[in-house]
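One structure is given here, and the rest of the page talks about it.
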Amino acid sequence: MRVIPLYVVLGGWLSMPAFAADDANAWMQRLAAAEKKQSYQGTFVYERNGSFSSHSVWHLVEGEHLRERLLQLDGPPAEVMLVDGRIQCASEDMASQVRDAQPWGQKQFEPGQLSKWYSFKVIGESRVAGRPSLALAISPRDQHRYGFELHLDRETALPLKSLLLDENGQLLERFQFTHFSSGSITADDVKSGPECRPLNVVAEQEPVSTEWRSDWVPEGFQLIDSNVRPSPASEEPVTWLSYGDGLARVSVFVESLDGAVVEDTRSQMGPTVAVSKRISTANGDVMVTVVGEIPLGTAERMALSMRSGTEPAPQ
């Protein structure tokens, strides 16, 4: 297994009884169904790039409907509320973060598909937010994605702790409950506060076909969505393509340079990388930017693989 579990670093904090491989698959199946069926509330901490923040969350399941409220506890009050995965309102401090982002929430697992690109292994027992939990390693089968360590609540199978790890086992991102309770949620708990204001969120629509395509993406990644929007900095249209494998997600932006002089860049903040590459086409140079939670080398290869229309791949 390429990912080094944290129990090695912590020197035996997790107990290590023997588990059958089927147990990990069964827990993944429980996890896949858990959040659609169970209400809960709690307080969690989020760590990224050495920065910490704390949040309260309320998650109310009402038949086929889901209401969620997220309140940031550090600094000025910041809040976002969602109904059935769609943003209903957000405070000003959160508006810029959620306006063009996917709604906050746990990832939707599809264990059967994920098992092609990741291996699952139970690695021990733990205790998070005062609750017995089970530690599960989700390890990538190649070098193009990161691994996870999940600590699942024994009672509900909901994730009480999630660690995103790079190829060397280094921590990139932490999500961890400090208080968690299930079941006792009411509609009053998920009512938004006065600072939560409606947003002008673009309605869902069918993916827009673009002239751009990728000649290479990591195995298992598929095109999820695509669109063409005006650039916020110019009149030029920007092509956006979104790829994912069920856990990792990557966005690709393509914008005409129109004679502008820009340089290639690459950066990483916690688990998120951003790679920009200048590419020449028959219609002029464009800047391709890849943003996602994948290794830098993978992002660079994706950027260089972008092609326009029927433009052939280089020999």
Side-chain angles (χ1 to χ4, degrees), residues 1-6 28 31-32 35 44-53 55 70 85 94 96-111 113-120 136-151 159 161-176 214 216-226 240-254 265-277 288-306:
M1 185 170 67
R2 296 191 302 106
V3 174
I4 302 173
L6 282 199
M28 288 296 291
L31 171 60
E35 200 169 70
F44 67 89
V45 293
Y46 177 70
E47 176 189 359
R48 177 191 180 102
N49 202 39
S51 176
F52 290 82
S53 59
H55 309 259
L70 178 70
M94 278 195 171
S96 61
Q97 302 176 43
V98 302
R99 196 179 300 271
D100 294 317
Q102 291 298 310
W104 179 89
Q106 303 298 334
K107 297 178 184 296
Q108 298 300 310
F109 292 92
E110 295 183 7
Q113 283 295 110
L114 289 177
S115 64
K116 299 176 182 178
W117 328 119
Y118 300 87
S119 63
F120 311 138
L136 186 67
I138 302 178
S139 304
R141 297 186 184 277
D142 59 33
Q143 73 275 25
H144 298 304
R145 56 205 97 207
Y146 293 135
F148 292 81
E149 185 177 300
L150 296 181
H151 294 240
K161 178 177 176 181
S162 172
L163 308 176
L164 181 62
L165 309 172
D166 70 10
E167 62 273 19
N168 298 314
Q170 298 298 309
L171 180 65
L172 298 174
E173 183 180 66
R174 176 196 302 268
F175 161 91
Q176 182 172 341
S214 175
W216 181 87
V217 295
E219 191 173 7
F221 279 76
Q222 297 181 345
L223 182 65
I224 299 171
D225 201 357
S226 60
W240 167 70
L241 304 102
S242 177
Y243 298 89
D245 69 351
L247 275 182
R249 194 155 184 170
V250 184
S251 290
V252 181
F253 303 91
V254 184
T265 62
R266 52 181 284 170
S267 63
Q268 180 163 3
M269 181 175 292
T272 304
V273 301
V275 172
S276 293
K277 292 288 185 181
V288 175
T289 300
V290 176
V291 180
E293 295 184 350
I294 55 175
L296 270 169
T298 302
E300 289 185 327
R301 186 172 175 184
M302 286 186 67
L304 292 172
S305 76
M306 296 304 296

Work out which heavy atom in Leu247 is nearest to a heavy atom in Asp245; give both atom names and the distance. N-OD1, 2.8 Å
Among side-chain atoms of Trp240 and Ser226, is any donor-acceptor pair under 3.5 angstrom? no
Ignoring hydrogens and geometry, is there a side-chain-to-backbone donor-acceptor pair from Tyr146 to Ile294 under 3.5 Å? yes
Listed partners of Arg48 passing side chain to side chain contact (heavy atoms under 4.5 Å, CB included), at least two apart: Tyr46, Glu173, Pro271, Thr272, Glu293
Look at the side chain of Asn49 and the backbone N and O of Ser51, then say whether any donor-acceptor pair between them is shorter than 3.5 Å. no
Can you tell me if Ser305 uses its side chain to pair, donor with acceptor, with the backbone of Trp216 under 3.5 Å? yes
For the pair Arg174 and Lys161, evaluate side-chain contact (heavy atoms from CB on, under 4.5 Å) and give the outcome as yes or no after the intermediate values. CA-CA 7 Å; Arg174 176 196 302 268; Lys161 178 177 176 181; 3.7 Å; yes
Does a side-chain heavy-atom distance below 4.5 Å link Glu149 with Leu136? no
Give, for atom CZ of Phe221 and atom OG of Ser214, the distance between the pair rounded to the nearest 0.5 Å. 11.0 Å
Side chain Gln113, main chain Ser115, donor-acceptor under 3.5 Å: no
Rounded at 0.5 Å granularity, tell me how far CG in Leu172 sits from CE in Met269. 13.0 Å
Output, in order, the C-alpha distance, side-chain angles, deciding distance and verdict of side-chain contact (heavy atoms from CB on, under 4.5 Å) for Leu150 and Leu31. CA-CA 10 Å; Leu150 296 181; Leu31 171 60; 3.8 Å; yes
Keeping Asn168 on the side-chain end and Gln170 on the backbone end, is there a donor-acceptor pair under 3.5 Å? no
Indicate whether any N or O donor in one side chain lies under 3.5 Å from an N or O acceptor in the other, for Ser242 and Arg249. yes
Under the side chain to side chain contact (heavy atoms under 4.5 Å, CB included) test, which residues partner Leu304, sequence neighbours left out? Lys277
